[in-house]
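Take a look at the structure set out below.
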Amino acid sequence: MLIRYGMNARLPLYNSAKGCVFASSSVLRRQQFLIRTLGGCNSQSYQQRVGGIRSMAASGIEADADSILRAITPVLESTKHKGQAGKIAVVGGCREYTGAPYFAAISALKIGADLSHVFCTRDAAPVIKGYSPELIVHPILEESYNVRDEDKSNIKDRVLAEIDKWLERFDCLVVGPGLGRDPFLLDCVSDIIKHARQSNVPIVVDGDGLFLVTNHLDVVSGYPLAVLTPNVNEYKRLVSKVLNAEVIDPGAHQQVQLLAKRIGGVTILRKGKSDLMSDGDTVKSVSIYGSPRRCGGQGDILSGSVAVFLSWARQHGKAAETDPRISQMNPTLLGCIAASALLRKAAGIAFESKRRSTLTGDIIECLGRSLEEICPVYPSS
Ligand SMILES: NC(=O)C1=CN([C@@H]2O[C@H](COP(=O)(O)OP(=O)(O)OC[C@H]3O[C@@H](n4cnc5c(N)ncnc54)[C@H](O)[C@@H]3O)[C@@H](O)[C@H]2O)[C@@H](O)CC1
Ligand SMILES: Nc1ncnc2c1ncn2[C@@H]1O[C@H](COP(=O)(O)OP(=O)(O)OP(=O)(O)O)[C@@H](O)[C@H]1O
Ligand SMILES: [Mg+2]
């Protein structure tokens, strides 16, 4: 039995390891139970629920990503000054991971942001600077191995003071790519998120940032300007923590919606074969065929891209003039749809020429062309 999700994807209704229907499996019984109870509407039958999923797919859950990209991408005008197209900051980068924050920050620039900062550990900074002179790199974070217990409080104050100098200038913060899981570092980052919240700065949480917030949900809970971008594992951990359940495939749309609602109306972008996103009210999917290569770093491109498009969607009134259906949507959701679609198209273009050797850097090089194809700088009249 197949349900059609969006234009291209066909998913089995019961998704077992062998692709068969095992009506007696405990996993399936749990999935059925979850679908019955999702949204707290126990009186609806399972069949009605599945019918609901079918009709949701049929009634256009697949986003009109091209129209959204056109509506929110700002026009390039000679009257604009540096910074107006977006100032993004990535909090991430430690001893192990220097690629992830670089991918997120450089993607933001390649899409069209004016300035991209990285706040990382002291060790990671020279490496990230070495990748690109375009990035503004702040070596302010510390990991436990570098800090004596008695100095921790002072160092934390110093980190926060440094971040506070910049925070209000940013249109969006991306927290987590390549952050690592050092407890002292995560403690500082948790306070950085709290400060960003107080300043109403939108926050995209990815990678190890999701490890942090899954264990401390209060840090983002109830903040409508937070976007969480979990991959398959990160989503599993979130669902288990927040819903005390397993991830389900039939009913995936309702589950992502419920998850967003339970975390107080944050936006969730669940990455996968189709990217599913919800702010707790609306659910959308992006199923454009991208690339079959799953090299590491594509999620980092996505988090940097969400930051840019979300900022554009919040700043530019163009959407309102063109299409009320778009202007009525939550800007965080618009940002997710635009970023997901652009990344997938860029991955497709990169794969056309690079095939098996396609790497994250190749996809980043295709972001500009991908956006230009949908939303040219000089549209032909
Ligand atoms: N070049 C770099 O510096 C990169 C650093 N990264 C960072 O690495 C840190 C950890 O992220 P991870 O994504 O590895 O953490 P996860 O906890 O998501 O993944 C852990 C392991 O799960 C496995 N896995 C991944 N996708 C899977 C799937 N679809 N089904 C089953 N298993 C799967 C992977 O083999 C991985 O080793 C983050 O901070 C992240 O940002 C990644 O972004 C990749 C690139
Ligand atoms: N099975 C799939 N088919 C098509 N596209 C996919 C698939 N899985 C992931 N993607 C796309 O790749 C992008 C990155 O998702 P992925 O799950 O690789 O993130 P990630 O594990 O966080 O990546 P990273 O290595 O950067 O941490 C998503 O936007 C998604 O659209
Ligand atoms: Mg990731």
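Here the structure is a predicted model, which means the values were calculated and not measured. Note that the numbering runs from 1 along the sequence shown for the chain. Every number for a ligand or one of its atoms is a count from 1 in the order of the listing. In what follows, every heavy atom counts, from backbone to side chain, and hydrogens, waters and symmetry copies are set aside.
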| said: With heavy-atom distances below 4.0 Å as the criterion, list the atoms of ligand 1 near Asn231. | reply: 13 (O), 18 (O)
| message | Can you tell me if Pro177 contacts ligand 1 (heavy atom of the residue under 4.0 Å from the ligand)? | response | yes
| What atoms of ligand 1 come closer than 4.0 angstrom to any heavy atom of Arg237? | 17 (O)
| query | What atoms of ligand 1 come closer than 4.0 angstrom to any heavy atom of Val232? | reply | 27 (C), 28 (C), 29 (N), 30 (N)
| Quick one: nearest non-hydrogen protein atom to atom 14 (C) of ligand 2, plus distance? | Gly299 N, 3.6 Å
| query | Under 4.0 angstrom from atom 18 (O) of ligand 2, is there any protein heavy atom? | reply | no
| request: Establish, from distance only, whether the side-chain atoms of Ser311 and Asp171 form a donor-acceptor pair under 3.5 Å. | output: no
| said: Whether Arg122 and Glu142 form a salt bridge (side-chain N of Lys/Arg under 4.0 Å from carboxylate O of Asp/Glu) is what I want to check. | reply: yes
| With the threshold set at 4.0 Å, does a side-chain nitrogen-carboxylate oxygen contact exist between Asp275 and Arg344? | yes
| remark: Within the 4.0 Å heavy-atom cut-off, what Asp208 brings close to ligand 1 is both
| field | Polar contact flag for Gly99 and ligand 1 (N/O pairs, less than 3.5 Å) | value | yes
| task | Considering the heavy atoms of Gly296, write down every atom of ligand 2 situated less than 4.0 Å from one of them. | result | 25 (O)
| said: Looking at Glu365 and Lys110, is there a salt bridge between them, counting it only when a charged N and a carboxylate O are closer than 4.0 Å? | reply: yes
| query | For ligand 2, which atoms sit closer than 4.0 Å to a heavy atom of Leu343? | reply | 13 (C), 29 (O)
| Which of the ligand 1 atoms, numbered from 1, are nearer than 4.0 Å to a heavy atom of Gly297 | 44 (C), 45 (C)
| task | Name the closest protein heavy atom to atom 22 (O) of ligand 2, giving the residue it belongs to and the distance to 0.1 Å. | result | Lys271 NZ, 2.7 Å
| Nearest-option assignment for atom 22 (O) of ligand 1, heavy atoms, candidates Asn233, Thr360, Asp206 | Asn233
| said: As an exercise, identify every atom of ligand 1 less than 4.0 angstrom from a heavy atom of Leu179. | reply: 39 (O)
| request: Quick one: look up the protein heavy atom nearest atom 27 (O) of ligand 2 and list residue, atom name and how far away it is. | output: Asp300 OD1, 4.2 Å
| Pairing of Arg181 and Asp208 as salt bridge, 4.0 angstrom limit | yes
| request: For Asp275, counting its heavy atoms only, list the atoms of ligand 2 lying under 4.0 Å from any of them. | output: 28 (C), 29 (O), 30 (C), 31 (O)
| query | Given the protein's heavy atoms, is any one of them under 4.0 Å from atom 37 (O) of ligand 1? | reply | no
